Structures are given as C-alpha cells and as structure tokens.
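Being a predicted model, the structure only gives us computed values, none of them experimental. A, B, ... follow the sequence lines: proteins, then strands. Residue 1 opens every chain.
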Amino acid sequence: MEFFQPDEKAFNEAFLKKGWALIDLADRRHLDALKTRMYEEAMRLLGLKGAKRPSEAVFFDQTQKFVPVAKLNAFRLAMIEFLNADKLLRPALFHMARRHIEWVIGNEIAMQRTVNLAIQLPKDDSSLLPLHSDVWSGNSPYEIVLWLPLVDCFKTKSMYLLERPESEKIFREFPRYSSFNAEQLYRKIKPRLEWLDVPYGKAVLFTHSLLHGNRVNDEKTTRWGFNIRLKGLLTPYGVKEMGESFLPVTVRPATRIGFEYVKAGE
Amino acid sequence: MKKGWRGYVSSRAINGQMIPQRVQNLVMRTYAEKSGIRYLLSATEYHIPGSFMMLESLYDGLAGLEGLLFYSMHQLPEMPADRRRLYATLRKAGCGLRFALEELKVETAADAGVVEDALICRALSRRADLSVLSRR
C-alpha cells in the first residue's frame, strides 16, 4: 500500500538521498512583481532618476556599477527592512514553493519571521559565507532552507553544497578535521562539491545540515537571492526559537483542538 | 496622561536560561529606542518559582501607562487562564503588551492568538538533540 503520490514519492526519495532539490516556482508572476517593487525601492534608496536610472534588468545584473562595496551592507539592510515591512512577502514566497515545502516538511509549518536577502557583487569578498553546516552552530536539523534567487545563478555566482552521503561522511569523520579551518576543509572536499545551477523562476530546498557556502563571485553579474527557513511546526527547535525566530504559518484544526483541550484540562 | 511602557524583567530562568537583568534591560532599552516608545524603569519579578507578585502589582498602575514591556514572551504566566486574564486586564485598561526579545506586540485578540500558538508549539516541541557526532 502506497500513501504518497508517485511524483511526491519520487521527489522525496531524491531529497532524502541528496538533501536538496531544485524546484519550479508555482507562479513566476509573483516573483516578477516582487522584483519590480525591489527595483523601484532600490532606485529610491540610491537616488537614481532620469537618465541615470538603469533598466530593471541592467540594475540587477550590474548592481556593482550602482552600489559600491563599502555601501553594500547598508544598502542590503535597507532593502531587507523594506521587504520585511511588507506583510505579504512571506506568504508570497511560501505559496510559490508550497507544494514542495509540504512534500518535504508536512503541512503544519513554522516559518522564519525575517526573510534574508543576499547580494553578492562580482569579485566582492566582503559578503562570503564560508563552508559550514548550520546545525554545527546550534540550529535545528529539522529546518530546511528555501533559497530563491532573483537572477540566474550558476558557477561561482551560485552556492555550493556537499550532498547528504558526503556531508554525513564528514560528520562521521569529524575528529579528523576538527583542527582544520573552514578554508582547509573546503579545499579537502572541493572535488566533491555540487555547484547549484538555478535559473530565475526556480528555487532550491535544502537541509542546512549539509555542508554549504559560497565563494567570491567570479562571474560578470551580481547575485540576488532570498533565503528563509521553514520547519515542521511541532518538530524540535534549536537556537532559532519559536517566537523569537519562527512563527506558525499553518496550524490545522485538529492541532488547534488539541491545544484547546489541553487548556481546558488545566 | 499615559507616561510610557513599564519594563518587566525576571530574576529566575527564562525559557530555561538565566539571563542577567542587565542584559534583559539592555535588550528592552534597545527595542524601545528602535520602536520609538518610552521605556520606564523595570519591575523585577521575584525568583520564587511560579510567583507573579510583581506582575500582579503592575495591574494597579496601568491607568498611567501605555503598556507593559516584557523582556520575553517566556515570562508570561504558565497557566493559560492567567495569561488570558493578563490580556483582558491590559485591553480593559487600554494598554498594550510587548516582548522585546521576540519583537512581538499584542494589540488585538489575533495578536494574543499568535503568542499563544507560539508558546504552545514551543512547549510541545522539545528542543532538538544536536549531539550529532555522538550518535554515530
């Protein structure tokens, strides 16, 4: 007797094996609209008007021409504040990937409260994320990450990860590497890394227990992308706690009745 | 005339952790500055387990306050009935409730529902066992 639908079963088997999956977004028009709103806000923040104002496509690809490295983080934080002030952002991102999120997690879900935005200019080494596993710094291994780029991501403009069997091999042999720094460990595992090729309109779901990171973007264009964590509502939490970092997004009636019953019993 | 937001810190463990009161006050002061609210000197809950004597005392002075600013939502009373009474008392007095660490505020019944859901989910989901290496 099989409870999963064939497409769901195939997806989940592949996810279990590799620890990540490339997915198609449900409705790209939402992403297009969001990107245009971000472009308008960026133009306002940077004071780009009239003839100085680039097209949307040029701005996202060639951000390095409009935002100097020294001002990149302040610009990024201002964009994050703008994005997270919009109460519809999290629901929009969730709905674009909902089908696959629910396949991987289940349909009672907690979602990180703040959507993160990464901007990686070509040749910029100021915003790198060295090789790491989020679980090593106390995050719950029950979390998955939705990594959703706003541009085509490939080669060093993208992120890399070490798929599940290889990552787990490193975990098992960790004492051998415990004196390494992140760069030494990166060099050791470099031949086995998977660089993610993610065209605009697609996204990646991955368990952040995998070893992953990024390098200096040696391509000619800038990387823009969102990342947000999701997990089963009632699965164990790590240092990112319910309330402080996560909030429930889908609570089903049976669970709510259970909550209420506990309350009445008290 | 409402004066501002009365701080509320704890002298016992919060969500299983002892947080120095200086750190609790620092988090609340930073939150108040960021949120543009006036933060008033904190009341400190007693270390006796289950005691909410200081919180109960604050109810008497609500008429002069905009609301209560807790360091964390994990300082809320454990009993749901006590929490419901807190929300109702504050609403009746025209006061708000905020949590500095979580940057959450309770202004409506729906806001209280979010806090309740979060507390219950937190209680039901045990902390993750991160001893990954030792299990191998």
Side-chain angles (χ1 to χ4, degrees), chain A residues 81 84 108-111 113-114 133-143 167-178 207-211 231-252 255-266, chain B residues 13-17 19 23-24 27-28 31 34-35 50 70-85 87 97-108 110-136:
Chain A
E81 192 176 345
N84 283 286
E108 284 195 306
I109 291 171
M111 188 178 195
R113 294 176 55 186
T114 307
S133 161
D134 290 39
V135 179
W136 287 355
S137 46
N139 292 288
S140 170
Y142 295 81
E143 295 170 14
S167 275
E168 293 193 348
K169 188 164 181 278
I170 299 290
F171 301 160
R172 280 194 295 274
E173 297 170 354
F174 192 77
R176 277 177 59 192
Y177 306 110
S178 55
T207 162
H208 63 32
S209 62
L210 298 182
L211 286 165
K231 66 189 289 299
L233 184 68
L234 299 179
T235 56
Y237 289 77
V239 290
K240 291 193 170 51
E241 302 241 23
M242 168 56 79
E244 188 185 327
S245 299
F246 283 92
L247 279 179
V249 294
T250 49
V251 184
R252 299 288 169 180
T255 301
R256 197 168 290 287
I257 288 168
F259 288 175
E260 295 299 325
Y261 178 79
V262 171
K263 285 177 190 173
E266 289 168 346
Chain B
I14 298 170
N15 198 21
Q17 292 180 310
I19 313 291
V23 174
Q24 294 180 50
V27 170
M28 291 197 295
Y31 169 80
K34 193 174 153 189
S35 309
F70 282 40
Y71 161 71
S72 166
M73 68 181 195
H74 294 291
Q75 291 170 269
L76 283 167
E78 283 175 28
M79 300 302 284
D82 293 338
R83 294 199 297 271
R84 284 196 290 271
R85 189 164 70 84
Y87 304 142
L97 175 61
R98 295 189 182 209
F99 306 103
L101 181 65
E102 294 87 6
E103 298 186 2
L104 283 174
K105 47 185 165 184
V106 176
E107 290 172 346
T108 63
D111 295 338
V114 170
V115 170
E116 286 297 295
D117 282 352
L119 284 174
I120 295 167
C121 291
R122 179 78 186 88
L124 290 175
S125 51
R126 287 185 301 174
R127 201 175 173 85
D129 175 8
L130 300 178
S131 55
V132 178
L133 298 174
S134 65
R135 285 210 303 270
R136 309 263 164 195

Which atom names give the shortest non-hydrogen contact between B:A118 and A:P248, and what distance separates them?
N-CG, 4.3 Å
Could you tell me if the side chain of B:L104 sits less than 4.5 Å from the side chain of A:L247, heavy atoms only?
yes
Using heavy-atom distances under 4.5 Å, tell me whether A:L233 contacts chain B through its side chain, its backbone, both, or neither.
both
Supply the atom-to-atom distance A:K231 NZ to B:S125 OG, rounded to the nearest 0.5 angstrom.
5.5 Å
Given side chains that start at C-beta, do those of A:E241 and B:E102 come closer than 4.5 Å, heavy atoms only?
no
By a 4.5 Å heavy-atom criterion (distance strictly below it), what part of A:V239 contacts chain B: side chain, backbone, both, or neither?
both
A:E173, CD: over 12 other non-hydrogen atoms inside 6.0 angstrom
yes
Counting heavy atoms not belonging to A:Y142, are there more than 12 under 6.0 Å from its OH?
no
To the nearest 0.5 Å, what is the distance between CD on A:E244 and CZ on B:R122?
9.5 Å
Close side-chain approach of A:R256 to B:D117, heavy-atom, < 4.5 Å
yes
Mind checking ring pair (Phe, Tyr, Trp, His ring centres under 6.0 Å) for B:F99 and listing every partner two or more places apart, or none if nothing turns up?
B:F70
Rounded to the nearest 0.5 Å, the CG atom of B:L124 sits from the CE atom of A:M242 at a distance of 10.0 Å
